[in-house]
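Worksheet: the structure to be examined is printed underneath.
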Amino acid sequence: AQSVAQPEDQVNVAEGNPLTVKCTYSVSGNPYLFWYVQYPNRGLQFLLKYITGDNLVKGSYGFEAEFNKSQTSFHLKKPSALVSDSALYFCAVSPRVGSARQLTFGSGTQLTVLP
Amino acid sequence: DGGITQSPKYLFRKEGQNVTLSCEQNLNHDAMYWYRQDPGQGLRLIYYSQIVNDFQKGDIAEGYSVSREKKESFPLTVTSAQKNPTAFYLCASSRTVVGGEQFFGPGTRLTVL
């Protein structure tokens with residue numbers, strides 16, 4: 001069965017500084033990988049996904065993520081954080097083959113960008 | 001205006017009552033999903049459906065039931081058998097189950113008194 005780990009429940013960063021939200025995964029074979037963001041009392045919004053190809057994936061709102069197969073990681077990054085980036089971030093994984101190909105989500109990381 | 005709607009936004013029910021949460025999408029997506037979100041636990045899959053008149057149990061299906069009579073609609077019933085139903089419920093849809101990004105509704109917060 002696939003699993004996702006987001007090792008940090010909370011990440012704090014100053015506005016204008018780079019941010020990283022960490023994600024590692026376990027899945028059989030090559031994965032599909034996703035990042036979503038959730039604002040308070042709202043549904044999740046899709047940020048970006050890795051399907052194949054370039055290991056650096058660019059997404060919405062200036063976010064990007066780097067797929068590292070050897071480290072089974074898919075960390076979310078942004079060069080310069082904004083206060084409005086403060087939200088709950090979820091990493092998700094799905095295997096490409098097999099009977100259980102629905103998404104499995106991590107437990108989430110609360111990002112706070114300090115002004 | 002395409003998207004997913006969930007109603008109601010807030011729902012209060014007495015213990016022992018069944019309650020049905022609505023989810024409608026006009027994105028023409030084949031796949032639909034129900035998740036439960038509890039603090040610190042992320043999202044857990046309750047049920048999903050790949051096509052009309054077909055659905056599969058997720059990781060925490062006990063105490064829940066669904067139907068998929070129309071492509072646009074995927075209602076979730078929280079039955080009295082669900083031991084701890086108070087939670088935030090999210091509906092989502094995607095073009096396909098495999099590899100497709102999911103689009104989420106705004107959620108329904110269910111409180112059982």
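Here the structure is a predicted model, which is why all the values come from computation and not from measurement. Letters A, B, ... mirror the listed sequences (proteins, then strands); counts begin at 1.
- When the side chains of ILVMFWY residues are joined at heavy-atom separations under 4.5 Å, either directly or via intervening members, B:L76 and B:I4 end up in two distinct hydrophobic clusters.
- Without hydrogens or angle criteria, A:Y36 side chain to B:F103 main chain gives no donor-acceptor distance under 3.5 Å.
- For chain B, the nearby part of A:L88 is the side chain; its heavy atoms alone come within less than 4.5 Å.
- Residues B:Q102 and A:F46 have side chains not in contact (no heavy-atom distance under 4.5 Å, counting atoms from C-beta outward).
- In the hydrophobic clustering of ILVMFWY residues, with side-chain heavy atoms under 4.5 Å counting as a link, A:L103 and B:F55 come out apart.
- Both A:L76 and A:Y39 sit in one connected hydrophobic cluster of ILVMFWY residues. Membership requires side-chain heavy atoms under 4.5 Å apart, directly or through other members.
- Chain A forms the most heavy-atom pairs under 4.5 Å with one residue out of B:P106, B:G100, B:G107, and that residue is B:P106.
- Linking Ile, Leu, Val, Met, Phe, Trp and Tyr whenever their side-chain heavy atoms come within less than 4.5 Å leaves A:L44 and B:I60 in two separate clusters.
- Residue contact with chain B, scored on non-hydrogen atoms closer than 4.5 Å, involves the side chain of A:Q38 exclusively.
- With a 4.5 Å cut-off on non-hydrogen atoms, B:L43 touches chain A through its backbone and its side chain both.
- In this structure the side chain of B:Q37 reaches within 4.5 angstrom of the side chain of A:F90, judged on heavy atoms.
- Summarising the geometry of B:K9 relative to A:N41, their closest heavy-atom pair is NZ-O, 3.5 Å, with the distance given to 0.1 Å.
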Discussion item. Does A:Q45 form a side-chain contact (heavy atoms from CB on, under 4.5 Å) with B:F104? I'd like the steps, not just the answer.
Written reply: CA-CA 7 Å; A:Q45 296 178 29; B:F104 284 79; over 6 Å; no

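- Taking a 6.0 Å sphere around CD of A:Q10, one finds it holds more than 12 heavy atoms contributed by other residues, nucleotides or ligands.
- For the pair B:R44 and A:T104, the minimum side-chain heavy-atom distance is 4.5 Å or more.
- Within a 6.0 Å radius of NZ in B:K71, other residues, nucleotides and ligands contribute more than 12 heavy atoms.
- A 4.5 Å side-chain heavy-atom check between B:Y35 and A:F105 finds at least one atom pair inside the cut-off.
- Other residues, nucleotides and ligands contribute only 12 or fewer heavy atoms inside 6.0 Å of the CZ atom of B:R95.
- Residue-environment remark: OH (A:Y61) stays at or below the threshold of 12 foreign heavy atoms within 6.0 Å.
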